[in-house]
Participant: 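Below: one structure in structure tokens.
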Amino acid sequence: MLRIEDTDMARNSDEALQAIIEAFDWVGMDYDGEVYYQSKRFELYKKYVDQLLSEGKAYKCYMSKEELDALREEQMARKERPRYDGRYRDFTGTPPQGVEPVIRIKAPLDGVIRFTDGVKGDINIASSEVDDFIIARGDGTPTYNFVVAIDDALMGVTDVIRGDDHLYNTPKQIVVYNALGFELPRFAHLAMINNEQGKKLSKRDGATDVMEYKHNGFLPEALLNFLVRLGWSHGDQEIFSLDEMRELFDPKDINKSASSYNLDKLLWLNGHYIKNTPNQSLATMLKDFDLHIDGHDKLELLLDATKERGKTLAEIAGQIKMILDAPQNYNEKELKKAFKEDTADILNDFMALLRDSKDSLHLPCDYHALLEKLVAKRQIGFGKIGQPLRVALLGSMSGAGLDEIMAILGVDETLSRIEKILKS
RNA sequence: GACCCUUUCAUCUAGUGGCCAAGGAUGCUAUGUUUUCAACAUAGAUACAGAGGUUCAAAUCCUCUAAGGGUCGCCA
């Protein structure tokens, strides 16, 4: 079930909504039925507000925002926890003019609100910490803590699992459940995720938007797998498919402590999932990285040669482009390192071999045999030819395997790239 | 400031009084394979926040200290 909690009409934005739907969609988390919008259920909530009002469990409060601010400041100055003082709770006089009242719910005056948290265990919060919070604004629209309790009860939600930042909302929502006579669900509060430095996550920490991960070349499976292991575990298992997550996830295995975001592990997981993704699917995803090899006759070879060494789709795309596009310039340092006095001679020899057996060269192993032939003939180490050849073909000393590269390029292109570097 | 929560390798974690001179994973180091880089395989280093208790026995229970986090809206 997917429910959009959009009770604050002033803050709703269509872009934010679309971003949420898009993210769920990309990550492969689907939901039953249609999306619920709280903004379309205001009539329903209004009935419950009226009910509480007529039962004397809620009341109108005529305090202005300015008065409220002043009260809070006073309380802070007295080093108290700022909260509404309940001055209109039993008000019977003539209401002040020109103020649209808000509706507040009557929270218990004394005692303790208790609940058992699925992660943290028993939580006791003094009722004095929970004030008569607002359930409907001056303009009549209801607020989050009120409608969320109603919807959870009405929609049959059994387990409310959410971030730690909602812990203090729980006693408020319990007040609503009790006032309306609804049965309490189970609550579980997850500790927050910190940044790599162990400090709280902020906008500065980069990828806070789910879709940014897509744009950075991450697979949804990897992101989900990474996230599920943050604060949750199932023995020593590290890799979980979506189905396994659904099957094995149990709130009792959730950790109490906050965890830190760890990019290295995400990268490792992403590499794992890339290796296990069929080439055809990779080719489709690679379109988003300005790489179109869908109908390419060497598609399988291209991906086999690169998928083992890229941690993100962006890296894979880059490596494939290096193969497909002849190098425009060469890394000076690497060029110097790879090219010795006899290098040109060796490369010329290799070109001769290439021309001779041109018609029998098709598979990577064919090229490999040719390289071995050269090495044996000239009595040199593989490095003597391998390094300069790689620079010639890719413009860099690191990248895919030589055999694969040449098989993809074909004899003519291989020759032309070698000739080009010899001329420079 | 008040209230609440947390604390095992650098990081994610296993661990619920003896099986723990603490296990797995990522990262790191080394070795092997290799034409390079990866990938892969093998080996290695690194942790119970601190101090007091309880107990024959404590990472596990209790107390305090310290550090981190959350909340205190006519936001969600």
Side-chain angles (χ1 to χ4, degrees), chain A residues 5-8 10-11 38 61 63-65 68-69 72 75-84 100-104 117 119-121 123-126 128-131 133-145 147-148 162-169 171 189 191-194 196 198-200 226 229-239 253 255-269 271-272 275 306-311 315 319 334 337-338 368 371-372 375 381-391 394 396-403:
Chain A
E5 305 184 330
D6 54 350
T7 54
D8 188 347
R11 286 184 189 228
Q38 291 184 324
C61 169
M63 213 170 160
S64 70
K65 288 177 188 177
L68 221 33
D69 286 343
R72 276 196 268 265
Q75 288 167 328
M76 287 288 255
R78 265 184 275 134
K79 307 197 177 205
E80 285 171 14
R81 192 164 200 265
R83 51 192 285 286
Y84 174 65
E100 279 302 325
V102 299
I103 313 295
R104 288 182 182 272
D117 186 278
V119 173
K120 297 173 189 296
I123 305 283
N124 306 310
I125 291 169
S128 57
E129 295 295 323
V130 181
D131 60 6
F133 61 94
I134 293 171
I135 59 173
R137 302 179 178 88
D139 65 3
T141 58
T143 59
Y144 169 77
N145 280 121
V147 303
V148 105
R162 73 232 301 201
D164 231 356
D165 47 346
H166 281 282
L167 194 81
Y168 258 82
N169 284 151
H189 292 92
M192 312 307 284
I193 296 171
N194 296 143
E196 294 207 86
K199 297 289 176 190
K200 60 176 161 183
F226 171 68
R229 282 289 286 104
L230 243 35
W232 176 83
S233 62
H234 181 73
D236 287 340
Q237 188 170 342
E238 293 289 347
I239 306 292
D253 297 319
N255 252 266
K256 292 173 196 253
S257 53
S259 48
S260 297
Y261 175 95
N262 181 209
L263 184 64
D264 281 332
K265 192 151 184 181
L266 210 208
L267 249 13
W268 170 73
L269 279 164
H272 169 85
K275 272 177 258 168
T306 49
K307 70 198 275 193
E308 293 273 299
R309 40 196 109 219
K311 297 250 193 238
E315 278 178 36
Q319 289 189 18
E334 295 190 339
K337 207 172 155 197
H368 189 73
L371 274 171
E372 280 187 334
V375 167
F382 252 115
K384 280 271 191 188
I385 172 73
Q387 305 257 37
L389 187 54
R390 175 178 306 279
V391 178
L394 296 183
S396 155
M397 287 230 285
S398 65
L402 287 173
D403 310 335

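In what follows, chains are A, B, ... by sequence order, proteins preceding strands, each numbered from 1.
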Participant: Would you mind pulling out the nucleotide paired to B:rG68, Watson-Crick or G-U wobble, both distances under 3.5 Å?
Facilitator: B:rC5

Participant: Under 4.0 Å between any heavy atoms, over every strand shown, what does A:D403 touch: base, sugar-phosphate, or nothing? Just pick one.
Facilitator: base

Participant: Could you tell me how far B:rC4 sits from B:rC40 if I compare only their C1' atoms? Round to whole Å.
Facilitator: 49 Å

Participant: Name the closest nucleotide to the A:N255 side chain, picking from B:rA38, B:rA14, B:rG23.
Facilitator: B:rA14

Participant: Quantified in whole Å, what is the P atom distance between nucleotide B:rG68 and nucleotide B:rG32?
Facilitator: 46 Å

Participant: Taking only the side-chain nitrogens and oxygens of A:S128, find out if one of them lies under 4.0 Å from OP1 or OP2 of B:rC3.
Facilitator: no

Participant: Which heavy atom of A:T7 sits nearest to which heavy atom of A:Y144, and what is that distance?
Facilitator: OG1-N, 3.8 Å

Participant: Let me spell it out: for each of A:D131 and A:M76, pick the nucleotide of RNA chain B with the closest heavy atom. Which residue's pick is nearer the 5' end?
Facilitator: A:M76

Participant: Which nucleotide in the set B:rC12, B:rG1, B:rU35 lies at the smallest distance from any side-chain heavy atom of A:R229?
Facilitator: B:rC12

Participant: Quote, to the nearest angstrom, the P distance that separates B:rU11 from B:rU54.
Facilitator: 33 Å

Participant: How far does the C1' atom of B:rU71 sit from the matching atom of B:rA76, given to the nearest Å?
Facilitator: 14 Å

Participant: Hydrogens and angles aside, do A:N145 and A:T143 bring a side-chain donor and acceptor to less than 3.5 Å of each other?
Facilitator: no

Participant: Counting distance alone, no hydrogens or angles: does the base of B:rC72 have a donor or acceptor under 3.5 Å from a partner atom on the side chain of A:R83?
Facilitator: no

Participant: Quantified in whole Å, what is the C1' atom distance between nucleotide B:rA57 and nucleotide B:rU29?
Facilitator: 37 Å

Participant: Using the P atom as the point on both nucleotides, what is the distance between B:rA10 and B:rU16, in whole Å?
Facilitator: 23 Å

Participant: B:rA21 pairs with which nucleotide, Watson-Crick or G-U wobble, both distances below 3.5 Å?
Facilitator: none

Participant: Mind calculating the distance between CH2 (A:W232) and P (B:rA14) to the nearest angstrom?
Facilitator: 11 Å

Participant: Check the phosphate of B:rC5 against A:K120, side-chain N and O only, distance under 4.0 Å to OP1 or OP2. Yes or no?
Facilitator: no

Participant: Does A:K65 reach a base, just sugar-phosphate, or nothing at all? Heavy atoms under 4.0 Å.
Facilitator: base

Participant: With a 4.0 Å cut-off on N to O distance, would you call A:E308 and A:K275 a salt bridge?
Facilitator: no

Participant: Quick one: does NZ or CZ of A:R104 land under 6.0 Å from the six-membered ring centre of A:Y84, within 45 degrees of the ring axis?
Facilitator: yes

Participant: Between A:F382 and A:G235, name the one whose nearest nucleotide on RNA chain B is closer to the 5' end.
Facilitator: A:G235

Participant: Measure CG/A:N262 against P/B:rU11 and give the value in whole Å, please.
Facilitator: 9 Å

Participant: Using Watson-Crick or G-U wobble geometry with both distances under 3.5 Å, which nucleotide pairs with B:rA59?
Facilitator: none

Participant: How close do A:K256 and A:A191 get, counting heavy atoms only, and between which atoms?
Facilitator: O-CB, 3.4 Å

Participant: For atom P, what is the distance between B:rA2 and B:rA21, given to the nearest Å?
Facilitator: 43 Å

Participant: Only pairs with both distances under 3.5 Å count, Watson-Crick or wobble alike; so what is the partner of B:rA45 in this structure?
Facilitator: none

Participant: Quick one: is A:S259 getting a side-chain N or O under 4.0 Å of the B:rU11 phosphate, OP1 or OP2?
Facilitator: no

Participant: Among B:rA39, B:rG70, B:rU7, which is the nearest nucleotide to the side chain of A:M192?
Facilitator: B:rG70

Participant: Using a cut-off of strictly less than 4.0 Å, decide whether A:R72 has a side-chain nitrogen or oxygen near OP1 or OP2 of B:rG73.
Facilitator: yes

Participant: Checking all strands, does A:N169 fall into the base, sugar-phosphate, or nothing category for heavy-atom contacts under 4.0 angstrom?
Facilitator: base

Participant: Can A:D164 and A:K120 be counted as an ion pair, charged N to O under 4.0 angstrom?
Facilitator: yes

Participant: For B:rC75, does OP1 or OP2 lie under 4.0 Å from any side-chain N or O of A:N145?
Facilitator: no

Participant: Check every atom of B:rU35, B:rA76, B:rC74 against the side chain of A:E5 and return the nucleotide holding the closest atom.
Facilitator: B:rA76

Participant: Between B:rA25, B:rG1, B:rC75, which one does the side chain of A:R11 approach most closely?
Facilitator: B:rC75

Participant: Using atom C1' in both nucleotides, what's the gap between B:rU46 and B:rG27 to the nearest angstrom?
Facilitator: 12 Å

Participant: Take the protein atom OH of A:Y168 and the nucleotide atom P of B:rU71, then report the distance between them rounded to whole Å.
Facilitator: 11 Å

Participant: How long is the line joining CZ of A:F226 and P of B:rU26, in whole Å?
Facilitator: 14 Å

Participant: Go through the N and O atoms of the side chain of A:E238 and the base of B:rG24, and report whether any donor-acceptor pair is under 3.5 Å.
Facilitator: yes

Participant: Please report the interatomic distance CE(A:M63) to CD1(A:I134), rounded to the nearest 0.5 Å.
Facilitator: 10.0 Å

Participant: Just the rounded figure in Å: distance from C1' of B:rC12 to NE2 of A:H234.
Facilitator: 17 Å

Participant: Using a 4.0 Å heavy-atom cut-off across all strands, classify A:K79 as base, sugar-phosphate, or nothing.
Facilitator: sugar-phosphate

Participant: For the side chain of A:V102, starting at C-beta, report the closest nucleotide among B:rG27, B:rC74, B:rA76.
Facilitator: B:rC74

Participant: Under 3.5 Å, is there any donor-acceptor pair linking the side chain of A:D165 to the base of B:rG70?
Facilitator: no

Participant: With heavy atoms under 4.0 Å as the rule, sort A:G271 into base, sugar-phosphate or nothing.
Facilitator: nothing

Participant: It should be established whether A:K275 places a side-chain nitrogen or oxygen under 4.0 Å from OP1 or OP2 of nucleotide B:rA38.
Facilitator: no

Participant: Is any NZ, NE, NH1 or NH2 atom of the basic residue among A:K265 and A:E238 found under 4.0 Å from an Asp or Glu carboxylate oxygen of the other?
Facilitator: yes

Participant: Which base, if any, makes a Watson-Crick or G-U wobble pair with B:rA10, both distances under 3.5 Å?
Facilitator: B:rU26

Participant: Grab the NZ-C1' distance between A:K311 and B:rC37 for me, whole Å please.
Facilitator: 12 Å

Participant: Does a side-chain N or O from A:T143 land closer than 4.0 Å to OP1 or OP2 of B:rC74, or not?
Facilitator: no

Participant: Write down the partner of B:rG32 under the Watson-Crick or G-U wobble criteria, each distance required to be under 3.5 Å.
Facilitator: B:rC40

Participant: Nearest heavy-atom pair of A:V130 and A:P171: which atoms, and what distance?
Facilitator: CG2-CB, 3.8 Å

Participant: Do we see A:H166 stacking on the base of B:rA76, given a limit of 5.5 Å between centres and 30° between planes?
Facilitator: yes

Participant: Which atom names give the shortest non-hydrogen contact between A:G140 and A:A136, and what distance separates them?
Facilitator: O-CB, 4.2 Å

Participant: Using both distances under 3.5 Å as the test, list the Watson-Crick or G-U wobble partner of B:rC74, or none.
Facilitator: none

Participant: Could you check how far CH2 of A:W268 sits from P of B:rG24, rounded to whole Å?
Facilitator: 14 Å

Participant: Write down the distance between CZ (A:R81) and C1' (B:rG73), rounded to a whole number of angstrom.
Facilitator: 12 Å

Participant: With heavy atoms under 4.0 Å as the rule, sort A:I125 into base, sugar-phosphate or nothing.
Facilitator: nothing

Participant: Where the side chain of A:P82 is concerned, which of B:rU8, B:rC72, B:rA2 is the nearest nucleotide?
Facilitator: B:rC72

Participant: From the set B:rA76, B:rU6, B:rA25, return the single nucleotide nearest to any side-chain atom of A:Y144.
Facilitator: B:rA76

